[in-house]
Amino acid sequence: MPQYYIWTIGCQMNKAESERLGSYFEQLGYRATVSAEEADVVVLNSCVVRQSAENRVINKLNALKSLKRSHPNLTLAVTGCLVNSEIDQLKQSFPQVDYFLKPGDYPQWLEKDEIGSVLPRNPSPSTFVPIIQGCNNFCSYCIVPYRRGREKSRPVSEIVGEISELVQRGVKEVTLLGQNVDSYGHDLPDRPDLADLLNELNTIDGLLRIRFLTNHPKDMSPKLIKAIASLDKVCEQISLPVQSSNNDILKAMNRGYTVDYYRQLVTEIRSSIPGVALSTDVIVGFPSESQQQFQQTVNLLSELKFDTVHVAAYSPRPGTLASRQFEDNVPPAEKKERLQKIEQPQERIATEINARLLDKTVEVLVEGRKEGKWWGRTRSGKLVFFSDHGSFLGQLVKIRIEKTSPWSLQGKVELGCPD
Ligand code: SF4
């Protein structure tokens with residue numbers, strides 16, 4: 001039986017696509033292997049959002065060069081965000097690669113018969129479902145619109161059908177994915193939006209929870225906030241990247257909102273959705289970001305107190321507006337210091353927020369078992385571990401929290417559960 005190996009880095013979109021790619025190979029009679037050395041086909045699902053990610057992809061490609069020499073029958077393919085429209089140039093740079101696949105494409109050179117559904121056969125109880133590809137926003141630092149192209153939404157009926165099938169295969173929770181889920185549907189004939197889609201998905205029997213990633217502050221509508229507040233299966237968890245808390249930097253980033261607008265949006269979300277967990281993304285060391293401008297971001301984070309903050313140091317991506325227009329003039333040591341100045345207080349904030357759950361009972365969807373402990377997430381996305389001999393995979397269990405940390409919670413199954 002031929003074997004395949006998929007190496008994936010990057011965002012959840014890449015992970016979801018790799019899962020589907022794996023299912024595609026299995027329908028063709030391939031078996032998964034855990035090492036490239038044993039495989040007949042190796043696919044690298046790449047990310048180039050940051051320089052560090054691109055470097056890892058290039059290192060991996062270089063390492064596979066010698067494997068290709070010693071296994072001349074090995075087929076090597078690359079997909080994901082490294083694959084741009086200049087395939088000829090990529091072929092010149094990486095002659096060891098046999099095929100370059102656009103993100104979301106399948107290795108059709110292997111297909112002999114028509115392939116059925118590419119949904120994973122044995123999905124995890126919580127799984128990712130892409131609903132919109134690409135992005136029209138052109139934030140000045142971001143390479144995604146150049147690599148993944150313009151927004152393309154999947155029809156509501158297709159998504160509903162797919163999730164219904166996933167539920168029959170054991171899925172209990174879905175996370176809808178898009179670079180900007182708030183743009184969902186504007187390119188479809190009836191122009192449904194994310195709130196309409198959530199309304200449809202909320203009616204699927206057997207589906208217990210719905211999440212989505214990532215929102216864009218300028219596009220998140222009051223209608224969506226109402227839908228999250230009113231639909232019982234939609235979880236109280238929102239990812240809302242702010243990136244900076246200085247209006248000049250936001251303008252240079254081409255984000256399309258001001259700090260005040262963002263602040264009001266957070267207030268509206270929190271007053272409409274009790275118990276909502278908010279996460280945000282921040283870039284430090286954007287070209288010309290002064291100490292004072294950086295401090296404004298630190299201040300906003302301490303004012304709004306997010307559950308999670310993903311912080312990254314700016315790195316210029318060739319081809320983006322920012323890399324053409326601005327000099328990368330914040331020194332690396334300064335960027336590193338700014339990262340710490342965000343991470344340290346955020347650890348204290350997350351400690352405080354999670355400590356509020358001590359001695360409380362939370363509902364956890366169990367996703368797996370690791371080092372003798374079951375683990376799963378609350379509706380608000382908190383990671384919870386508990387020890388128990390029972391069998392809990394895919395079940396909703398009530399857990400009494402006994403220990404908290406900034407990153408996770410630990411507890412015990414409450415008597416009388418699972419229900
Ligand atoms: S919204 Fe901005 S940061 Fe997000 S994918 Fe689109 S261009 Fe990139």
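Whatever order the structure lists ligands and atoms in, that order sets their numbers, starting from 1.
- Put simply, part of Arg255 is less than 4.0 Å from ligand 1, judged by heavy atoms.
- Ring planes of Tyr4 and Phe25: parallel class, angle under 30° (limits at 30 and 60°).
- Not one N/O/S atom of Cys135, from backbone or side chain, sits under 2.8 Å from atom 8 (Fe) of ligand 1.
- Under 4.0 Å from ligand 1, the heavy atoms of Pro145 that appear belong solely to its side chain.
- Atom 2 (Fe) of ligand 1 has as its closest protein heavy atom Cys139 SG, 2.3 Å.
- At a 4.0 Å heavy-atom cut-off, ligand 1 touches Phe138 through the backbone alone.
- Between the side chains of Asn254 and Ser140, not a single donor N or O lies within less than 3.5 Å of an accepting N or O.
- Which parts of ligand 1 touch His216 is read off a 4.0 Å heavy-atom cut-off, strictly below it: atoms 1 (S).
- When hydrogens are left out, the protein atom nearest atom 5 (S) of ligand 1 is Gln179 CG, 3.6 Å; that is the closest non-hydrogen contact.
- Ring centers of Phe386 and Phe392: under 6.0 Å apart, within the cut-off.
- In this structure, CD on Gln346 lies 9.5 Å from CD on Glu343, to the nearest 0.5 angstrom.
- Scanning the protein for heavy atoms near atom 8 (Fe) of ligand 1, the closest one is Cys142 SG, 2.3 Å.
- Below 4.0 Å from some heavy atom of Tyr141 lie the following atoms of ligand 1, by number and element: 3 (S).
- With hydrogens and angles left out, the side-chain atoms of Ser380 and Thr378 include a donor and acceptor closer than 3.5 Å.
- Residues Asp193 and Lys223 are paired through a salt bridge, judged by an N-O separation under 4.0 Å between the basic side chain and the carboxylate.
- Using the six-membered ring where Trp is involved, Tyr24 and Tyr106 have ring planes that are parallel, under 30° apart on the 30 and 60° scheme.
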